[in-house]
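To keep things clear, I will list the structure first and then write my remarks on it.
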Amino acid sequence: MNTVQFKDISISFGSCSVLENVSLNIKSNSVHCILGENGAGKSSLMKVLFGMYQPDSGEFFINGKIVHFSSPLDSINMKIGMVHQHFMLISDFTVLENVILGNEITDGLKINFSGIRSILSDIINKYNLGLDLDSKISDLSISSQQKVEILKLLFRDSEILIFDEPTAVLSPVEVKEFFKIIEEFKRNKKTIILITHKLNEVKLIADRVTVLRKGRVVYEEDITDCNIDLEKLALAIVGESRVSIAVDKSSENLTNEIVVRLNNIDLYKNSVKILDKMNLSLRKGEVLGICGVEGNGQNEIAEIITGLEKNFEGEYKNKNVNVSMVPDDRISKGMISQFNVGENIYLKNGKKFIASSELLDDFSDKTITEYDVRLTNNKASLGSLSGGNQQKVIIAREISAGNEVLIFSHPTRGVDINATAFIHSKIIEERNKNRAVLLISSDLDELISLSDRLCVLFKGKIIRTFESDELSSYKSDNKVSLTPDIEIKKEKDNQLFELLGKLMIGMAD
Amino acid sequence: MNLKTKINLISVSVSLVITLLIFSLIILLIGQNPAGILSIILNDVFATGYGMGQTLFKATSLIFCACGLAICFHVALFNIGAEGQLNAGSFVIALVAVYFADLPFPIVFLFCLVSGFIVSGIFGLIPAYIKIKKDVSEVITTIMFNFIILALVNFFLLDFFAVKSTMRTEKISENFMLTKLSDFMPFFSGSSLNVSFILALAVAVISYILIYKTKFGYELRAVGFNKTASKFIGLNVNKITLIAFFAGAGLTSLSGINFIFGYKGFYEMGFSSNIGFTAIAVALLAKNNPIGIIFSSLLFSILEYGGLSVNQQVPKEIMLVVQGVIILAILSVDKIVNNYFERRL
């Protein structure tokens, strides 16, 4: 039984076609994963289902009946719910207030709070969400905020649940928790649509997988007993142009000269201890990885080194070097969405006072060719590009500033496989130019394959540092695979993986 | 013509049509003939050189003031204090011109420009500084500074500088008065239109270049679009905000040049007749684009002058209503037109 049926859906914006004759069946009571590179059309397809886009041609059916959605409201009325990549929560409201907003159960003019409370606590217990209805959104972690979004959908009795890259913001432990919730959904006869980039998640959770590429369905497969050829899947995602990039990390120009040193740093924010006697030194010609569950002080370390955070105690030594940074959240911290590529680069790296159009074109052409930024129109604002392309532009801007120290914070989050490989090669290229690179990430594959040294950060403290020889004793080779997900890990890699996983949640050593 | 200009033109024309309809409706309700009223306005403004000159004269002050505000608005801070800022600057301009009457004109004029700019600028700087240091809403502080400045200017004017039993300063030397445009374009004869208008056009063009074609302009807009990202990109957000407010508030003082050097020859209490507030609407209407400001200033001056000319038939306040309707129409139509194109493209 198909819950959702898309038939020949096409959408184009101007001359740019986003979806071309997409036909897709989603079975009821299953987990359907939709994969694809950035800009492949995954989000657009979901926006059709959620009533945010109206298809130019084609039709779709819900439970066998043809439907036309003109706004998300129509879709919500058909018991479809969506958790967006960026949460739609009001941060000053409590969990309860956010959940009932727009869906208040009332006795006359009064909101029936006690009734709602009991309904909600039932849902929370049933799905083991572990939320306190009275805590303020701004006090909650990202993963809890996601659960609030889920609670919202359940309160509205949604039967079809759409998740747009739900695990991108979660740590490995939180991902496991999230999957448990998904399984619970299945047990309760709900239909789940999952947009993701991560192949191993597909293997773990999906009943069926569809791959989109350039607005077309290119691959579909049912998965039984976690049995799927990930290699084939990866090929379908990247297409024929797949090239294996092996990064050359052999050029040994490590001078070991320390350029940045943090000594006994203490940092408080709203009287919460964020950094606790933290020590760290960053050397030229190395990639220093920082591994840890998000919110353990990673952002603060980066902000101290860039000079944005000044209210700390302890010693920060900087050998008179300039610092570039690729921030963790590209939309709110990384770029001016309204500016185009050239303007974003000029803003940081332009030396001339007059911004002639030749100068801007120069910046934009250089970036677009050198960093393989894909856009339909060179003057398109950065906000209209896909995440991977935005990230490439930000990285281009920070690298071409030519600074001695580079900080990459979650550089490949929400970025497709090709762009990820490209970004990895750029990071190594900078390291090989004898620059000091600090890599903050929650992607263990990325950290292990790129880092020369690796620190584990837990509750504002570096609790373990893997020096380069120790790290290489774990590593099987120095190659960065194009698709880290499908690399068959050697026994030793797994050991390191497990060890890091335990360290990150403060369970080992 | 790029798409953006096209969209803007479409939304402006649609709004003007809507405004015209509402305007006609109101006139009908009053019991007059809309076509008749409209023809009186158009006749008065466009048929005579005097009418056109007066309209352009009014537009001159608005252009100066709105360009200054546009610079402030581009850092996404709302400066409601132009009325006070321009009065402070204009008062000083008049005083400087009166007390240095013996010096040659170019020196005095330059001195007036600089001192007026600095005084107005400082009164823009203070709210911006409080905003940065203590995060006090600039809307509140700039409004409050209007009261403070006007009271201070009144105090100094009436107690020290005013000509007896008037509310104005002494007249500046006749030699200092700017050339009227009617001197070489007799068409405008009788009107107060003076070379300040040309200065205003120049200021608009320079502001345009500053905002859209220079590094500082890009920084300014970046801060306005996304303050957090600007910090991460490495811009000195506070410095940029302070400079924008100083320069923006400073520019408003030029309205005083138009009035003092171009028209009356003295500073007078209430001379500004709320152009500091009208300029907010003018700048918003032009989406803070100085070239657009030239046209929106013209539109507002036409409405104001036109209101005077139909005062016998309908209350001149009708034109305030029209101003309000235009702003509402443009803001809402703009949204609709933009959404339409966004969806189609």
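All heavy atoms count here, side chains included; hydrogens, waters and symmetry mates do not. Naming: A, B, ... by sequence-line order, numbering from 1 per chain.
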For [X] and [Y], work out which heavy atoms get closest and say how close.
X        : Y        : answer
A/Glu303 : B/Phe232 : OE2-CZ, 3.6 Å
B/Lys215 : A/Lys352 : CB-O, 3.9 Å
A/Leu347 : B/Ala222 : CD2-CB, 3.5 Å

Between B/Asn226 (side chain only) and A/Ser332 (backbone N and O only), is there a donor and an acceptor less than 3.5 Å apart?
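Here the side-chain-to-backbone pair exists.
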
Should the heavy atoms of other residues, nucleotides or ligands under 6.0 Å from OH of B/Tyr129 be counted, would the total exceed 12?
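Atom OH in B/Tyr129 is not crowded, with 12 or fewer foreign heavy atoms closer than 6.0 Å.
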
Should the heavy atoms of other residues, nucleotides or ligands under 6.0 Å from CZ of B/Phe295 be counted, would the total exceed 12?
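Atom CZ in B/Phe295 is not crowded, with 12 or fewer foreign heavy atoms closer than 6.0 Å.
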
Which atoms of [X] approach chain B - backbone, side chain, both or neither, heavy atom under 4.5 Å:
X        : result
A/Ile331 : backbone
A/Leu308 : side chain
A/Phe353 : both
A/Lys379 : neither

Between [atom1] of [X] and [atom2] of [Y], what distance do you get to the nearest 0.5 Å?
X        : Y        : atom1 : atom2 : value
B/Ile233 : A/Ile394 : CD1   : CD1   : 8.0 Å
A/Asp329 : B/Thr228 : CG    : OG1   : 9.5 Å
B/Lys213 : A/Ser357 : NZ    : OG    : 6.5 Å

Looking at B/Gly217, B/Ala229, B/Gly234, B/Ser230, which one has more heavy-atom pairs under 4.5 Å with chain A than the rest?
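Option with the top pair count is B/Ala229.
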
